Each structure stands twice: as C-alpha cells, then as structure tokens.
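These numbers come from a predicted model, not from an experiment.
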There are 2 protein chains.
Amino acid sequence: MKRKITLKHIARELGVSISTVSKALKNSEEIGRDTKEKIQAFAKLYNYKPNNIAISLKNKRTKNIGVIIPDIVHHFFTTVFRGIEKYANAKGYNVIVCVSDESFDKEVINMELLANGSIDGFIMALSAGTQLKNDYNHLKEVTAQGIPLVLFDRVTPEIKCDKVVIDDKKGAYNAVTTFIREGRKKIALITTKDYFSVSRDRAAGYREALLDNDLEINEDLILEFPSMEVDEKGIEEFFTNKKVDAVLSVNEIFAIHSMRFVQSLGIKIPEDISFIGFTDGLLSKYSTPGLTAVAQHGEDMGKIAAEMLIEKVESEEEEETYTTKVLEPTLIVRGSTGN
Amino acid sequence: MKRKITLKHIARELGVSISTVSKALKNSEEIGRDTKEKIQAFAKLYNYKPNNIAISLKNKRTKNIGVIIPDIVHHFFTTVFRGIEKYANAKGYNVIVCVSDESFDKEVINMELLANGSIDGFIMALSAGTQLKNDYNHLKEVTAQGIPLVLFDRVTPEIKCDKVVIDDKKGAYNAVTTFIREGRKKIALITTKDYFSVSRDRAAGYREALLDNDLEINEDLILEFPSMEVDEKGIEEFFTNKKVDAVLSVNEIFAIHSMRFVQSLGIKIPEDISFIGFTDGLLSKYSTPGLTAVAQHGEDMGKIAAEMLIEKVESEEEEETYTTKVLEPTLIVRGSTGN
DNA sequence: TTGTATGCGTTATCAA
DNA sequence: TTGATAACGCATACAA
C-alpha cells in the first residue's frame, strides 16, 4: 500500500528543503532550472498531489459548500441539487449534503457541525420543522460568523441573506387564470399547512386570481392537509362531497391521487374536471393524462444559488447587500387541462 | 461579525497556555479544578467549537465519506444515498457527493480530487462511461493508497473491494417465472446496452427462466436500447410489430412508456399483456395500472454500503478480505400483472 | 498542576 | 538560488 507522498518525503528523498520543493512545484522563478526539473520529475513520478486538508487549514478556505435540504428522495430538491453541484464543481468546489429530514433538530445539528470549518458557505431550504417552530437562531449564528448563506425555495424574511425563489403566487395565479379561461367556475385548491412560505404564496395567488375574475372564494373548496403526507381518505371524502370542475394542487402527489380517484368515479379529465399541479416532476409527465404543471425550474434555481454563494465566498469585501432572485414559473401544459 | 474563536484566543484571554486550554476542555484530570471551570465557562460563553479541519489534519481522519454516483435526479440512487447518509450521519460522518454524470472523465476527476485528503473512503456506483471503457485504473489507484472503497449496484470484478448488489439475475428470473405462472408465453425483455453489469445479469435471469420452463428464447422479443434514453419510436415500432403477452423491462421508464403505448392501442393491462419493471420507483407506484416491480431495496443497500465502509475506515488492521453482499430482490405486485 | 515543544502538510516571509 | 522559520488550529509527550 503506497501511502500518499508529501512535500517532506520529496525533500528528504532529494536532499533539498521542503520550501524548495514547494516553490519548485509551483514553478517559482526563485528556483534553479535543474533543481526545479528534478523535483518536478520526481513529483510526477510519485504522483504527488497536495493535501487538501492542509491547504484548507492554511488558506482558511475549504472549497466545500454545504447543502442542507429537507429530503433527498424528492424530485425538486434533487433537481436543485444538480444545478448546485454542476456549477460548484465547475468552480472547483465540492458539495457536502446533509438531509434535515424536515426536522428542526437535525437541521441545527448538521449546520453547526459543518459550520466548524468544514465548509465555506451554505445553501439550504428550510425544513418543515424549522418553519413550524419559526426559530432561526442557528441561521443567525452562522451569518453572524460571517459564513455566507443562500436560501432557496423555502425561505424566511427573518434572515438577511441571499435568496432564490420562484414566484409561487404568480404560478398559482396563472394556473387559476388558465382554469377560468377554460370556463371553470368551481375551482378547488389542495394545499398543505406545513410549507408555510410556499403554500401561503400559492394560496394567495389562488385567491387573488379568483377575486380578479369576480369569482368568489369558497373556503369549502380549499382542502388543507397538515403535512405533505398523502391522506387518501381526506382526498376521497373531498371529491365525493364537493362539486368542483378544476383543481390546483400545491404538489404533484395530491394531484395524482385526486386524479386517480375522480377517474375511478368515472369523471373525465379534462372534460369534466381540470387539474394543475405544482412542481413539474416525473409523475406529472407520466400520469394519464399528463398533469399540467407549474414548473419550478429547480436546476436554474440551484445554479443561481451556487452562483450567489460562490460570489460571496470569493469576494473580499464584507458587503452587507443581499438580493433575492425571483424566478418566473412556467406552465407546462399537458392532458389534464384544456377541454 | 464575530469570527470563530480558537484555543489560542481563549488562552490569551485567560492568561494560560494553549495546551492547558486544550486539556481543560477535554476535562483532563491534569488540570486544576478552578482553572478548568474558568476555561470551560469561558469556552461555553463564547461557544467554542474545535475546528474540524485542524482536527482532520491532526488525526489524518476527515470524518467525511465520498459518494460518487452517476446521477442524482434518479430515484434509485437517491434512495441508496438516503441509506448512506442516514447511517453515516448517525456515525458522525458527513457525506460529500459528486455526480459523475455517467462520464468516465468526471468520475476520474472527482475521485482524484476527493482522494487528496478530503475523505476517509468512497462509496460509488460506476458510471456508464466507465463500464463502457472498462478502465478502472482510478479505482485501483485509490485502493492502492489504502483508501477504503465500497461499490454498489454497478460493480466490477476487476476491483478487489467490498461490494453490495442485488441479485439482478434472480429478480429477472422471478419476474419471468411470475409471467409463466400466469400462463404467458410470449415474454419480451426491454433492456439496455449501457448498464453492463446489471443489464447482463437481468438478461441472464430472463433467459434462464425461459429455458427452465421449456420456453424457447426468441431474440426477436428482446428489445435492446443503446442507453437509458427513452426511444419512443423504438418502443412503438416494437409493440406494433411484435405479438407479446408479457414484458419485463430493466427500468421503469421503458415500462411506463410501453404501457402507455399499448393502452393507446386498446390493449388491456393486465388482461392482454402483463408488465413488470425493475426499480420500484415513483412511476411504478403511480402509473395506471400500478406497475408490478422488482424492488431493489436502495435504502438498505446504502446502509449496508455505509456500514461496510465505516467498518473498514475505523478498523486498524489492514485486512485484505473483501466481501460482496447480495441482497434479495422483492417483487412488488401491482395492477400490471395477474389476470 | 501548568507549560513547552513538536508535529500534522502546506505556504509565505525573510535570511543566507 | 536555496533554506530556515513561523503560521494555520489542535493534540500530546514531555518538562518544569
């Protein structure tokens, strides 16, 4: 087993000093031609590569960025992650992922762990637990230490930092407008309590679109689940009792379940009822009929988040200017709408 | 902005030596009661946490594990990752992810980068590019340096290391047997060239099951795509020209597309044709009808991989014994089979 | 009981 | 042109 070779080894082997080796390998002008060649040849031969950890310690820069997301088996987050990873990698950064599992405690623990020197900055989406608890001290700690932070998708105004979100309100607004243009009148919303920031905005867009079109808001047509767990019973009950001709769902999974259930009742999509769901994921694409979806452009979001973070990480000045980028949602039209 | 505090700061502030502080914080018996209390109080007040990087350098242990996977927007890999992450985290390890993007070059670059001190060991699934090129020198390098490596799912006999796989052959065998028990005779296989290790095994299982049941292998019923890209045309052509009453697909996506197409032809599932697909993902669960699937138990696989890796990382002896764990596939029965 | 010295692998400053 | 030394933050063997 050939252990990794260090400057010291090379120096000893070649009878020169460590600093000479270091300089030679950086092609410093200070070092004589032949010593340089000798050292470089030797280094190449033994495949010398500087130790990242030592360099991190010296530079106080790890070239690692920490990503904390609520879940990894999740199409949207995974898409954002891809955007982050691609950009970060291209910039020479590695990505350390921690999954908060929607738990406040795990989010805190992971963050504190990584904050002790492992990473140069954070990119994260708040866990449900954190949003529920409304406690952001761990984030404040981190930013107070001068560690750059970028929040995406699930954000909070409590923390001053860069943010990337999509215009959830507009996404919902556009979806509802689409329904109305189709002549739908009884438009339902299936939403969830947990995802405060996004659900709130989406519900707001839903309401605003109805009002702007002189339709009244019927609270009976708003189905609110406590979490994103699928409540099969709740869905069945809703659709057996309520008469609706269009449904906006804040996520794919509620929409898919609903579609299946109404289809089992012999109701036709989109003839009798239209569906639009947030987050253009695999299910939307492959359901029958395809689910018209509000695309969140996760990969772009990830890329932008990484850009913002690395920008801050590498900038010398301690700017106190934070920006929030708002991406435009796009409606991907499929078979579940349009009659 | 309050920068992170170090032992040195505490020492200076309290007028003691660095080593005294270090010992006091480790509750060493050597240090006097009052000094210890004073130091501990001060440290708590300023929320002292040791710097991970410094400790890594000292211990030559990073407590990071590197995970290299071909794709992150992928249900199976993401599931494995969850298993890895959970276990690793519980053991105090962080996970650095790199995505090879199915490319040999990226796999090599990422691996070499991480191998220079950033991680204590690797868990990975080979990229398609690597399997195609059949070049494993980067893996050999790493293991030669004594860095533990665990391969999962997409493995190679070329490298001596721990491995975790499912019995792909058996999964396919069982699926085909299920078809035969249903009385199916014209059983097709949709497969792909790229994933050598898994596709080969699955195809072998398919063939063996046919032979064991005295059915002849009709090469016309084997549809082989060059990659996992969906070739809509190819699928349509196949199903318009061939008469089949059962289909085993090496992935969900081919199966889903095929189901949709045959349904559009008015063929009934499972009455006229049965489907089974590998990788029990979201699509299988939510397609209509649900796709009977060969579950790969990704999370277990990830957990086992992490266990094996951490075991090796933390063991003192340089054992040269490598084991391969083979997980049993499970058939998840849904609506696409059983007539 | 406390402190000094050394080392982990690297780089940078300064001296020779 | 080369090398000694200090420093990054921490831990520990050894002195005092």
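Qualifying side chain to side chain donor-acceptor pair (under 3.5 Å) partners for A:Ser19, counting only residues two or more places apart in sequence or in other chains: A:Ser17. When the side chain to side chain donor-acceptor pair (under 3.5 Å) test is applied to B:Asp105, no partner is found at least two apart in sequence or on another chain.
Side-chain contact between A:Phe122 and A:Pro148 is absent, with no heavy-atom pair separated by less than 4.5 Å. For the pair A:Gln40/A:Leu25, a side-chain contact is recorded, criterion being any heavy-atom separation below 4.5 Å from C-beta on.
Note on residues 126-155 of chain A: pairs passing ring-ring contact (aromatic ring centres under 6.0 Å, His included), not counting sequence neighbours, are A:Phe104-A:His138.
Bending across the helix from C:dT1-D:dA16 to C:dA16-D:dT1, expressed as the angle between its end axes from five pairs apiece, amounts to 70° (10° rounding).
If you check every strand for non-hydrogen atoms under 4.0 Å, A:Ser56 touches nothing.
Nucleotides of DNA chain D lying under 4.0 Å from heavy atoms of chain B occupy a range whose first and last members, 5' to 3', are D:dC8 to D:dC14.
A:Arg61 and A:Glu314 get closest at one heavy-atom pair: NH2-CA, 3.8 Å. Among all heavy-atom pairs drawn from A:Lys4 and A:Asn47, the shortest one is NZ-O, 4.4 Å.
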Contact string for nucleotides 9-16 of chain C, one letter per nucleotide 5' to 3', B = base within protein heavy-atom range under 4.0 Å, S = sugar-phosphate only, - = neither, reads BBBBBB--

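The residues A:Lys86 and A:Glu299 are annotated as salt-bridged, a charged nitrogen and a carboxylate oxygen being separated by less than 4.0 angstrom.
Dashed line: the shortest gap from a side-chain N or O of B:Ser17 to OP1 or OP2 of C:dG3 is under 4.0 Å.
For the residue pair A:Ser127/A:Glu107, the side-chain donor-acceptor check at 3.5 Å is satisfied.
A centroid separation of less than 6.0 Å is found between the aromatic rings of A:Phe42 and A:Tyr46.
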